[in-house]
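Computation of the quantities below employed the complete heavy-atom set of this structure, encompassing side-chain atoms and omitting hydrogens, waters and symmetry-equivalent molecules.
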Amino acid sequence: MDLTGDEKAVATHSLPLIQAAISAAEAELKVLPAVSGLPQLITLGTFRPQLGGAVARECLSLRHAEILTLLSWDMASTGRGYGAQELAELVYGESGHQVAMRAEMVRLRKQLRSSPAAAGVDVASKPYRLTSAIDHDAVAVLTALTAGDRMAALDLYGGSLLPASEAPGILSIRHHLAAALRESLLADGSAEELFRYLQLPEAIEDEEAAYTALRVMPTESPLRAALVARMQA
């Protein structure tokens, strides 16, 4: 990114505009085919979740994205899978939806088995679980945070997990992931990392993060003026 001009080019609003443009470009890059060879599940900061890789990509319905997210998160944590009732409660928020869950699973399997984007990924039963790994952006963020690589986590974190979803299981993962990112940055984040975090929609009114960024930011940093102007707006 380049900003060239007279004295107006260094106005206090210029740097936030550049940061916004960079964030938009990064968001587009994040949905490019994965280089891992695994199918890539895109769920962060998007209302159009996608599954695919180098060969093909396709959009998922919100319900299918919710199910794949829960199964992927489970594979990366306990790996025990879900019974029909348990998964139905995580998706629908109450018991008594096992029949609807089974019907939804039939539709999801049909899509996975007929789509090149799935690259052989399927859902096994009793319990429900993925038959092979996928490259899930939400899981990758948590992995980066666990490794202490906050910059990589910020590169991957495009925003809230499946923002259109109200499924209880998704809300729980969304809160856990957002809290893990925020707490890691507040505990030991650099000025640059905190400034990047503050560009996220969910951090616009995060005064604690803003004051923490100012505290660790060098007095001569060009980011300081932009941050102060934002806090005074």
From E166 atom CD to L62 atom CG, the distance as rounded to the nearest 0.5 Å = 9.5 Å
To the nearest 0.5 Å, tell me how far Q40 CD sits from Q50 CD.
-> 9.0 Å
Could I get the full list of side chain to side chain contact (heavy atoms under 4.5 Å, CB included) partners for E183, not counting sequence neighbours?
-> A179
Quick one: list whatever passes salt bridge (charged side-chain N to carboxylate O under 4.0 Å, His left out) with R109, sequence neighbours left out.
-> none
Would you give the length of the straight line joining atom CG of L130 to atom CH2 of W73, rounded to the nearest 0.5 angstrom?
-> 14.0 Å
Do side-chain atoms of R63 reach the backbone of S61 as a donor and acceptor pair under 3.5 angstrom?
-> no
Just by modelled atom types, is the L214 backbone N or O under 3.5 Å from a matching donor or acceptor in the R224 side chain?
-> yes
Please answer: with hydrophobic residues joined when any side-chain heavy atoms are less than 4.5 Å apart, are Y211 and V228 in the same cluster?
-> yes
Heavy-atom pair of closest approach, residues T131 and A124 = CG2-N, 3.9 Å
All salt bridge (charged side-chain N to carboxylate O under 4.0 Å, His left out) counterparts of R80, not counting sequence neighbours = E86
When the side chains of residues 137-149 are checked against the rest of the protein, which donor-acceptor pairs come out under 3.5 Å, sequence neighbours left out?
from: D137; atom 1: OD1; to: T43; atom 2: N; distance (Å): 3.2
from: D137; atom 1: OD1; to: T43; atom 2: OG1; distance (Å): 2.8
from: D137; atom 1: OD2; to: T43; atom 2: N; distance (Å): 2.9
from: D137; atom 1: OD2; to: L44; atom 2: N; distance (Å): 3.0
from: T143; atom 1: OG1; to: V139; atom 2: O; distance (Å): 2.9
from: T146; atom 1: OG1; to: L142; atom 2: O; distance (Å): 2.8
from: D149; atom 1: OD1; to: A152; atom 2: N; distance (Å): 3.1

Taking side chain to side chain contact (heavy atoms under 4.5 Å, CB included) as the test, write out the residues that go with A103, two or more places apart.
-> R107
Please name all residues satisfying ring pair (Phe, Tyr, Trp, His ring centres under 6.0 Å) with Y92, sequence neighbours left out, ordered by chain then number.
-> H97
Sequence neighbours excluded, which residues qualify as side chain to side chain contact (heavy atoms under 4.5 Å, CB included) partners of S172?
-> none
Decide whether L185 and V216 are clustered together by the hydrophobic rule: side chain heavy atoms of Ile, Leu, Val, Met, Phe, Trp, Tyr closer than 4.5 Å, transitively.
-> yes
For atom CD of E192, is the number of surrounding heavy atoms from other residues, nucleotides or ligands below 6.0 Å larger than 12?
-> no
Do L41 and L60 pass the side-chain contact (heavy atoms from CB on, under 4.5 Å) test, and can you show the C-alpha distance, the side-chain angles, and the key distance before you say yes or no?
-> CA-CA 10 Å; L41 179 61; L60 298 167; 3.6 Å; yes
All heavy atoms of L154 vs all of E193, minimum pair found to be CD1-O, 3.5 Å
Residues that S221 engages under side chain to side chain contact (heavy atoms under 4.5 Å, CB included), provided they are two or more places apart = M217, P218, L223
Can you tell me how far the OH atom of Y82 sits from the OG atom of S125, to the nearest 0.5 Å?
-> 15.5 Å
Which atom names give the shortest non-hydrogen contact between Y197 and A203, and what distance separates them?
-> O-CB, 3.3 Å
Smallest heavy-atom separation, V121 atom then S132 atom, equals CG2-OG, 3.5 Å
Are L70 and I173 side-chain neighbours, meaning at least one heavy-atom pair lies under 4.5 Å?
-> yes
Euclidean distance, I170 CD1 relative to T69 OG1, rounded to 0.5 Å = 4.5 Å
Salt bridge (charged side-chain N to carboxylate O under 4.0 Å, His left out) involving R182 - partner list, sequence neighbours excluded | D206, E208
Okay, side chain of S77, backbone of D74: is any donor-acceptor separation there less than 3.5 Å?
-> yes
Minimal non-hydrogen separation, R174 against L171, with atom names = NH1-CD2, 3.1 Å
Which residue pairs satisfy the ring pair (Phe, Tyr, Trp, His ring centres under 6.0 Å) criterion with at least one member in residues 100-127, sequence neighbours excluded?
-> none
Hits for ring pair (Phe, Tyr, Trp, His ring centres under 6.0 Å) against H64, two or more places apart or cross-chain, chain-then-number order -> none
R196 vs D155, side-chain contact (heavy atoms from CB on, under 4.5 Å): CA-CA, chis, key distance, verdict = CA-CA 9 Å; R196 285 190 61 187; D155 287 341; 2.9 Å; yes
How far does CE of M105 sit from CD of Q98, to the nearest 0.5 angstrom?
-> 12.5 Å
Pairing residues for D188 by the salt bridge (charged side-chain N to carboxylate O under 4.0 Å, His left out) criterion, not counting sequence neighbours | R150
Residue pair Q111 / C59: nearest heavy atoms and the distance that separates them = NE2-O, 3.8 Å
